[in-house]
Amino acid sequence: MSTKISMKKLGNSSIEISAIGLGCMGLSEFYGDPTSDEQGCELIRHALDNGVNFFDTADMYGNGHNEKLLAKSLKGRREEAVIATKFGIVREEGKYARSISGKPEYVRKACHDSLRRLETDYIDLYYIHRVDTDTPIEETIGEMSRLVEEGKVRAIGISEASAETLRKAHAVHSISALQSEYSMLTRDPEDEILGLTRELGISFVPYSPICRGLLSNWAPSEDKTDFRNMLPRFQGESYAGNKSIANELSLIADNKGCSLAQLSLAWVCAQGDHIIPIPGTTKIRNLDSNIAAAEIVLNKKEISAIEEILAASEVMGNRYTDEGMKGVDV
Ligand code: ATR
C-alpha cells in the first residue's frame with residue numbers, strides 16, 4: 001500500500017487515522033440515486049489503497065445499506081480500516097421523519113445490529129448520531145462504555161452535541177471524537193466546540209466540509225432523491241447568495257492553483273491539528289483530489305483573503321429543515 005496521506009491519532013486513543021477520511025453516506029442515500037455496489041466497493045478500496053483508512057458511516061444511511069456496503073468493500077481487509085459508525089436516529093425506510101433514541105437498551109441493540117451488518121466483531125469508533133434529550137447523556141455513555149469493556153467498541157464519539165453535553169459525556173468516559181458540520185460556510189463550531197475539543201484532546205471531525213457540494217459544482221435540481229433540494233440554504237435567493245460567496249472563494253482557489261473543493265478542505269484542516277474532515281464523494285477522481293488536498297498548506301495571506309470574504313458575507317438559510325435539526329446542538 002502506498003502512503004500518500006499523513007496519519008493522525010484519533011483523540012486520546014491509540015487509533016491511527018488518515019488526515020482526511022471518507023464520508024460514505026452519499027453512496028447509499030440522500031445525494032441522489034445510490035451508487036452501484038460495484039462502484040461503491042471500488043471507491044472504498046481505492047481509498048484504502050491510497051492511505052485513507054478512516055471510513056464514516058451510520059446505521060441510518062440507506063437503512064443499513066451503507067454499513068453493508070462497507071463490509072462488502074472491506075472483505076479481507078478489515079484490519080486496515082478504522083470504521084466509524086453511528087446510532088440514535090430512528091426512522092422508517094425511505095422516510096426523512098425521525099425520532100432520536102439514546103436509551104441504554106436501544107444503544108446495545110443498535111450496536112449488535114451494526115456489528116452484524118458490518119460483518120465484524122468490533123466497531124473502531126461508535127458515535128451517538130444525535131443526542132436524545134429524553135435520556136440523560138450519562139446513561140447513554142454508560143451503556144457505550146460497557147460496550148467498550150466488552151471489546152465491541154474501541155472508542156466513543158458524539159455528533160452535533162453542545163459543549164455542555166460534551167463535557168458531561170467526557171466525564172463518564174473518554175470521548176475520542178466530536179463530529180459536526182463545519183466548512184467555510186458553516187462556522188458554528190468555532191463558538192465553543194473547536195476550542196473545547198482541542199482542550200480535552202478530542203478529535204474534531206467536520207462533516208460536509210465542502211458544504212454538501214456548494215463549495216464545488218453541485219447545483220439544485222428537481223431531483224427528489226437528493227435531499228439537498230429540500231434544504232433551506234439551497235432554495236431560491238438563499239442559494240443564489242450562497243453561490244456568489246462560493247464564486248468569490250473560487251478566485252482564491254484559482255490563484256492557489258487548486259479547486260474550490262480542495263481549498264475548502266485545506267481551510268478546514270488549517271483551523272487546527274486536531275481536525276480530521278470526512279468529505280463525501282462517489283467518484284474516484286474527486287477522492288484523489290481530496291487526498292491531494294491534505295497536503296495543501298494555505299499561507300497567512302491566503303487565510304486572511306478567505307477571512308475577508310467570509311467576514312463581508314452572510315450565509316443565508318438554515319443548514320437543515322426543522323425535522324433535520326432534531327438533536328442538533330443539544
Ligand atoms: P458530505 O460530508 O455531506 O458528504 P461534502 O463532503 O461537503 O458533504 O460534499 C459532498 C459533495 O461534494 C458531493 O456532492 C460530492 O460530489 P461527488 O459525489 O460527485 O464527488 C462533492 N465533492 C466531493 N469531493 C469533491 C471534489 N474533490 N471536487 C468536486 N466535488 C466534490
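Please read these numbers as outputs of a predicted model, since none were measured by experiment. In this chain, residues are counted from 1 in sequence order.
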Run the ring-centre check on Trp218 versus Phe234 and record whether the distance is less than 6.0 Å. yes
In terms of side-chain heavy atoms, does His112 have a donor or acceptor partner in Lys152 at a distance below 3.5 Å? yes
Between Arg146 and Glu143, is there a side-chain N and carboxylate O pair less than 4.0 Å apart? yes
Which residue in the set Arg98, Glu67, Lys86 passes side-chain contact (heavy atoms from CB on, under 4.5 Å) when paired with Met60? Arg98
Using a strict 4.0 Å threshold on nitrogen-to-oxygen distance, state whether Arg108 and Glu150 make a salt bridge. yes
When you measure from the side chain of Glu119 to the backbone of Leu115, do you find a donor-acceptor pair of N or O atoms at a distance under 3.5 Å? no
Is the NZ or CZ atom of Arg212 both under 6.0 Å from the centre of the six-membered ring of Tyr31 and within 45° of that ring's axis? no
Is Ser13 reaching over with its side chain to a backbone N or O of Leu10, donor-acceptor style, under 3.5 angstrom? yes
Do we see a donor-acceptor contact under 3.5 Å between the side chains of Ser28 and His65? yes
Any side-chain to backbone donor/acceptor pair from Gln262 onto Ser259? Under 3.5 Å, distance only. yes
State whether Glu16 and Lys9 are salt-bridged, where the test is any N-O pair (Lys NZ or Arg NE/NH1/NH2 against Asp/Glu carboxylate O) under 4.0 Å. yes
Salt bridge Arg45-Asp49, side-chain N to carboxylate O under 4.0 Å: no
Pairwise distance CD1(Ile137) to NE2(His170) - rounded to 0.5 angstrom: 13.5 Å
Parallel under 30°, tilted from 30 to 60°, perpendicular over 60°: which one fits the rings of Tyr61 and His129? perpendicular
Does any donor atom in the side chain of Gln179 or Tyr127 lie under 3.5 Å from an acceptor atom in the other side chain? yes
With the threshold set at 4.0 Å, does a side-chain nitrogen-carboxylate oxygen contact exist between Glu164 and Lys168? yes
Under the 3.5 angstrom rule, does the side chain of Asp132 hit a backbone N or O of Ser101 as a donor-acceptor pair? no
Pairing donors with acceptors under 3.5 angstrom, does anything connect the side chains of Arg78 and Thr120? yes
Arg117 and Thr85 side chains, donor-acceptor separation under 3.5 Å: no
With no hydrogens and no angle check, is any side-chain donor or acceptor of Ser114 less than 3.5 Å from a backbone partner on Cys111? no
More than 12 non-hydrogen atoms from neighbouring residues, nucleotides or ligands closer than 6.0 Å to CG on Asp322, yes or no? no
